[in-house]
Number of protein chains: 2
Amino acid sequence: MNDSTTPPEPPSDLGAAASDFRMATFRLARRLRAQRAVDTMSDGQFAVLAALKVFGPHTLAELATRERVTAPSMNRTVNSLEESGLLSRTPSLDDRRKITLDLTDEGRAVVVETARRRDAWLEGALAEIPADERATLARAAKIMQRLADR
Amino acid sequence: MNDSTTPPEPPSDLGAAASDFRMATFRLARRLRAQRAVDTMSDGQFAVLAALKVFGPHTLAELATRERVTAPSMNRTVNSLEESGLLSRTPSLDDRRKITLDLTDEGRAVVVETARRRDAWLEGALAEIPADERATLARAAKIMQRLADR
DNA sequence: TATTGTTATACTCTATAACTATA
DNA sequence: TATAGTTATAGAGTATAACAATA
């Protein structure tokens, strides 16, 4: 294996800084995603459960928009979660074309448990780096959230 | 949220920090990914070109390990990039089981251009935040790279 | 025999287009 | 006609298992 690879150069301008930061974000996201190997739930499924937990019931179209996928794609995700008994699909009262999607009690439990499991690896990693680096990441997290919401 | 029931483990700053940071990373990665809608190259293909540019020539197994995919999966990605003329595949001189994968001149040009296009949104966003926040993100990028390589 | 790359095959997730039912 | 959801189908991207070439 190629162990003596050269690390990327330090950023010297805004363009390089953007590039480094973008690559770091993608790499870490991928690494974090790889940690979910233990559970069978996909990122898309988990994101739907998490959205329902945080923001409450949604229609199909609302979920699709929030997760930035198409309605058929979201429909498929919702089908599998419904089959697993993690969410409920009920016709809306006011407009019977719409459906109301919400977590079941089991779904609520599963999303909490899954989030904890997925945090575990990162928590372990954070425990082993210096406190000042943890502080940097905590500050960065806030900035990143703001950037993502632009 | 759990208000009346106490969780099994004591509340930990590290756990909350891990959760916040993980969510921020995913959200930003997703936001950045949405920005690449214009070009046809997948994240996986682009990551291979970028790795070859930053770290130089690789064998197939080295690339697969670096990108954390299986050899057949990487082989497929490499095939499509070779067909597009963006990388070259040559038998290694010392061990003829191995192949050496490297960027072509066109591949080198494409990775630079694609990176610039993909960086554009983030670069614009970074230009509008305070310098101390940019500095925080630059420090965070280094730490994140290290975490991802654990 | 072990290792490197490759092919065969299947599964998951995503998308577009077409269909239904309701408004 | 327009909208919400669904079904049909196809295209990426990934994986495991089996194979070929070389060491």
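None of the values given here were measured: they were computed from a predicted structure. First the proteins, then the strands, lettered A, B, ... as listed; each starts at 1.
Each of A:D95 and A:M74 was assigned the nucleotide of DNA chain C with the nearest heavy atom; the assignment lying further toward the 5' end belongs to A:M74. Each of A:Q45 and A:D94 was matched to the nucleotide of DNA chain C holding its nearest heavy atom; the match closer to the 5' end belongs to A:Q45.
Note: CD (A:E82) to C1' (D:dG5) measures 13 Å, nearest angstrom. Rounded to a whole Å, the CG atom of B:N79 is 14 Å from the P atom of D:dA12. Between the P atom of D:dA20 and the CG atom of B:L60 lies a distance of 19 Å, rounded to the nearest Å. The distance between atom CG of B:L101 and atom P of C:dT4, rounded to the nearest whole Å, is 14 Å. If you measure from atom CG of B:D43 to atom C1' of C:dT14, you get 13 Å, rounded to the nearest angstrom. Atom pair B:H58:NE2 and C:dG5:P shows a separation of 12 Å (rounding to whole Å applied). Taking atom CG of A:L81 as the reference point, atom C1' of C:dT12 lies 14 Å away to the nearest angstrom. Atoms CZ (B:R68) and C1' (D:dT14) sit 16 Å apart, rounded to a whole Å.
Counting only heavy atoms from C-beta on, B:I99 has its side chain closest to C:dG5 among D:dT14, C:dG5, C:dT14. Picking from C:dT14, D:dG5, C:dT7 the nucleotide with the shortest atom distance to the side chain of A:K98 gives D:dG5. In this structure, of C:dT9, D:dT7, C:dC13, it is C:dT9 that holds the atom nearest to the side chain of B:R76. In the set C:dT16, C:dA23, C:dC13, C:dA23 carries the atom at the smallest distance from any side-chain atom of A:R96. The side chain of B:R97 lies closest to C:dA2 when the candidates are C:dG5, C:dA2, D:dA15.
Note on A:S42: a side-chain N or O is less than 4.0 Å away from OP1 or OP2 of C:dC13. Side-chain N/O atoms of B:S73 include one lying less than 4.0 angstrom from OP1 or OP2 on D:dA15. At C:dT6, one or more side-chain N or O atoms of B:R89 fall inside 4.0 Å of OP1 or OP2 (strictly under the cut-off). OP1 or OP2 of C:dA15 lies within a sub-4.0 Å distance of a side-chain N or O belonging to A:T70. For A:S92, no side-chain nitrogen or oxygen approaches OP1 or OP2 of D:dA4 to under 4.0 Å.
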Next on the checklist: For B:S88 and B:E82: C-alpha separation, side-chain torsions, deciding distance, then whether side-chain hydrogen bond (donor to acceptor under 3.5 Å, both in side chains) applies.
Outcome noted: CA-CA 6 Å; B:S88 63; B:E82 189 188 18; over 6 Å; no
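Residue A:N75 is in base contact, counting any heavy-atom pair closer than 4.0 Å across all strands shown. If you check every strand for non-hydrogen atoms under 4.0 Å, B:A71 touches a base.
Judged purely by atom type and a 3.5 angstrom limit, B:T114 has no side-chain atom pairing as donor or acceptor with the backbone of B:V111.
Residues A:T100 and A:P57 meet the side-chain proximity criterion, which asks for heavy atoms closer than 4.5 Å.
Salt-bridge check for B:R117 with B:E113: passed, with a basic side-chain N closer than 4.0 Å to an acidic carboxylate O. Ionic pairing of A:R139 and B:E133 is not present here: no N-O contact between side-chain nitrogen and carboxylate oxygen is shorter than 4.0 angstrom.
Expressed to the nearest 0.5 Å, how far CZ of A:F21 lies from CD1 of A:I143 amounts to 8.0 Å.
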